[in-house]
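Structure first, then comments.
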Amino acid sequence: MSTTLLLVQALNGLQLGILLFLLAAGLTLVFGIMNFINLAHGSLYMMGAFIAATVFRHTGSFLLAAGAVVAGMAALGLLLDRIALARLYPREHLDQVLATFGFILFFNELTRILWGPAPISMGLPSWLSGTIAVLGVTYPLYRFLIIVVGLAVAAGCYVLIHRTRLGMLIRAGSTDRMMVGALGVNIARLNTLLFVLGAVLAGVAGLMAGPILSAQTGMGEPILILTLVVIVIGGIGSVRGAFLAALMVGLVDTLGRALLPTLLRAALPPSAANAAGPAIASMLIYIVMALVLALRPQGLFPVRHG
């Protein structure tokens, strides 16, 4: 395999990892800090993709689509929290799992009713359709934009959690919710804010994935599984862990699919290598997760309290 192809695949792995981080950041905040299991997080990602595709098809503006996604997902997250989810926060995890699984079914049927069963493609404006030179190789400009947006979100999450008063309250609430509430902090409002932030991040992930994957019913479930793998590897509740684990998962998955068939040809016939390579590559991230659970059940980068 040439160095150029290897570098392109590494950039593709970085882009996948960044996309996973956009989802994992919101989910790990909700799961790790609020102690709320939201299986419908992938559905929020799907709704973001549909909103973005619809606005872009009617306006032709990617920036208007981005603004509509942020506003629409904030409103949807607030609506879900106020109508249904706020009552589930103090409940057991089994109740949360069953309720949010029901929301998966609801949102899948909602997209079929509103947009039909066929995927909706989302194009790109001319200013995002070109290529850019990265480390001496030609790379699609839009995929590079995904990397930049993800890094900006990661920096924003770090500043929010470690450099603001709101972040101080979030960290304190994750350590001792009862004490923070006793000091006069409105825990219910803090939970709502966190859930809305998670919904917006999921919608932004759907916006960035729309031009690559198209918006289609059920697109949230496969990526939700990858997102949960990221959270388990990185450490539940750790945004830093979600970022590093997402990059690891993206690189392992992409480079594994690119390199394994070639490597296996040294020991197997070409036909067997071509068949076994993709199959083993699809299992790599789950093998990595199993090893992490065996050696460090708390994740590679767990939250440090105190």
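We count residues from 1, following the sequence as given.
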(message) Could you tell me if the side chain of Leu76 sits less than 4.5 Å from the side chain of Phe107, heavy atoms only?
(response) yes

(message) Could you check whether atom OH of Tyr139 has more than 12 heavy atoms from other residues, nucleotides or ligands sitting under 6.0 Å from it?
(response) yes

(request) Ignoring hydrogens and angles, tell me if any N or O in the side chain of Thr164 forms a donor-acceptor pair with the backbone of Leu160 under 3.5 Å. (result) yes

(request) Using the side-chain contact (heavy atoms from CB on, under 4.5 Å) rule, pick out the option among Val149, Leu141, Ile147 that qualifies with Leu145. (result) Val149

(message) If the condition is ring pair (Phe, Tyr, Trp, His ring centres under 6.0 Å), which residues does Tyr89 pass it with, not counting sequence neighbours?
(response) Phe36

(message) Does Leu110 form a side chain to side chain contact (heavy atoms under 4.5 Å, CB included) with Leu114? I'd like the steps, not just the answer.
(response) CA-CA 6 Å; Leu110 180 65; Leu114 295 179; 3.8 Å; yes

(message) If hydrophobic clusters are built from ILVMFWY residues whose side chains come within less than 4.5 Å, do Leu20 and Tyr158 share one?
(response) no

(request) Give the minimum heavy-atom separation between Ala68 and Val55, together with the two atoms involved. (result) CB-CG2, 3.6 Å

(request) Answer yes or no: is there a side-chain heavy-atom contact under 4.5 Å between Val288 and Val229? (result) no

(request) Would you indicate whether the side-chain heavy atoms of Leu255 and Leu6 approach each other to under 4.5 Å? (result) yes

(message) Between Trp115 and Thr54, do the side chains contain a donor N or O and an acceptor N or O under 3.5 Å apart?
(response) yes

(message) How close do Ala25 and Leu201 get, counting heavy atoms only, and between which atoms?
(response) CB-CD1, 4.0 Å

(request) Count the heavy atoms of every other residue, nucleotide or ligand shown that sit under 6.0 Å from CZ of Arg91, and state whether that count exceeds 12. (result) no

(message) For residues Trp127 and Met122: do they belong to one hydrophobic cluster (side chain heavy atoms under 4.5 Å, members Ile, Leu, Val, Met, Phe, Trp, Tyr)?
(response) yes

(message) Applying side chain to side chain contact (heavy atoms under 4.5 Å, CB included) to Arg257 and Leu284, what does each step give before you reach the verdict?
(response) CA-CA 9 Å; Arg257 295 177 189 277; Leu284 274 180; over 6 Å; no

(message) For a quick test of reading the model, state the closest non-hydrogen atom pair linking Gly235 to Thr28 and the distance between them.
(response) O-OG1, 4.1 Å

(message) If I take atom CG from residue Leu78 and atom CG from residue Leu193, how far apart are they, to the nearest 0.5 angstrom?
(response) 10.0 Å

Taking distance alone, no hydrogens or angles, what donor-acceptor pairs closer than 3.5 Å link side-chain atoms of residues 38-50 to residues at least two apart or in another chain?
residue, atom, partner, partner atom, Å
Asn38, OD1, Ala40, N, 3.1
His41, NE2, Leu23, O, 3.1

(message) Less than 3.5 Å apart, any donor N or O on the side chain of Thr131 or Thr138 sitting next to an acceptor on the other?
(response) no

(message) In the structure I gave you, are the side-chain heavy atoms of Val196 and Asp81 within less than 4.5 Å of one another anywhere?
(response) no

(request) Carefully, step by step, assess Leu244 and Arg240 under the rule side chain to side chain contact (heavy atoms under 4.5 Å, CB included). (result) CA-CA 6 Å; Leu244 296 174; Arg240 177 178 69 101; 4.2 Å; yes

(message) More than 12 heavy atoms of other residues, nucleotides or ligands under 6.0 Å from NE2 of His58: yes or no?
(response) no

(message) Could you tell me if the side chain of Leu29 sits less than 4.5 Å from the side chain of Phe195, heavy atoms only?
(response) no

(request) Applying side-chain hydrogen bond (donor to acceptor under 3.5 Å, both in side chains), run through Thr217 and Thr111 and close with a yes or a no. (result) CA-CA 6 Å; Thr217 299; Thr111 56; 3.0 Å; yes

(request) Would you check if Phe243 and Cys157 make a side-chain contact, meaning some heavy-atom pair closer than 4.5 Å? (result) no

(message) Same cluster or not: Leu151 versus Leu197, using hydrophobic residues (I, L, V, M, F, W, Y) connected whenever any side-chain heavy atoms lie under 4.5 Å apart?
(response) yes

(message) To the closest 0.5 Å, what do you measure between CG (Leu16) and CG (Leu226)?
(response) 7.0 Å

(message) Between Phe103 and Ile83, is there shared hydrophobic-cluster membership here, with clusters defined by ILVMFWY side-chain heavy atoms closer than 4.5 Å?
(response) no

(request) Give, for atom CG of Leu247 and atom CD1 of Ile18, the distance between the pair rounded to the nearest 0.5 Å. (result) 5.0 Å

(message) With side chain to side chain contact (heavy atoms under 4.5 Å, CB included) as the criterion, how do Val232 and Val292 come out once you've worked through the C-alpha distance, each side chain's angles and the decisive distance to 0.1 Å?
(response) CA-CA 8 Å; Val232 169; Val292 170; 5.6 Å; no

(message) Using 0.5 Å steps for rounding, measure from the CD atom of Gln96 to the CD1 atom of Ile37.
(response) 6.0 Å

(request) Please name the pair of heavy atoms, one in Ala209 and one in Leu19, separated by the smallest distance, quoted to 0.1 Å. (result) CB-CD2, 3.9 Å

(request) List the atom of Met219, the atom of Pro222, and the distance in Å for their closest heavy-atom pair. (result) O-CD, 3.6 Å

(request) Could you tell me whether the side chain of Leu259 reaches within less than 4.5 Å of the side chain of Gln9, counting heavy atoms only? (result) no

(request) Using a 4.5 Å cut-off on heavy atoms from C-beta on, say whether the side chain of Ile51 contacts that of Leu207. (result) no

(request) May I ask you to decide if Ala279's main-chain N or O and Ser282's side chain share a donor-acceptor pair within less than 3.5 Å? (result) yes

(message) Regarding Asn12 and Thr254, do their side chains bring together a donor and an acceptor under 3.5 Å, going by distance alone?
(response) no

(message) If you compare all heavy atoms of Phe301 against all heavy atoms of Gly241, which two are closest, and at what distance to 0.1 Å?
(response) CB-CA, 3.6 Å

(message) If I take atom CE from residue Met289 and atom CG from residue Leu228, how far apart are they, to the nearest 0.5 angstrom?
(response) 9.0 Å

(request) Working to the nearest 0.5 Å, report the span between OG of Ser121 and CD of Gln216. (result) 11.0 Å

(message) Please determine whether residues Leu224 and Phe101 belong to a single hydrophobic cluster, defined as Ile, Leu, Val, Met, Phe, Trp and Tyr linked transitively by side-chain heavy-atom distances below 4.5 Å.
(response) yes

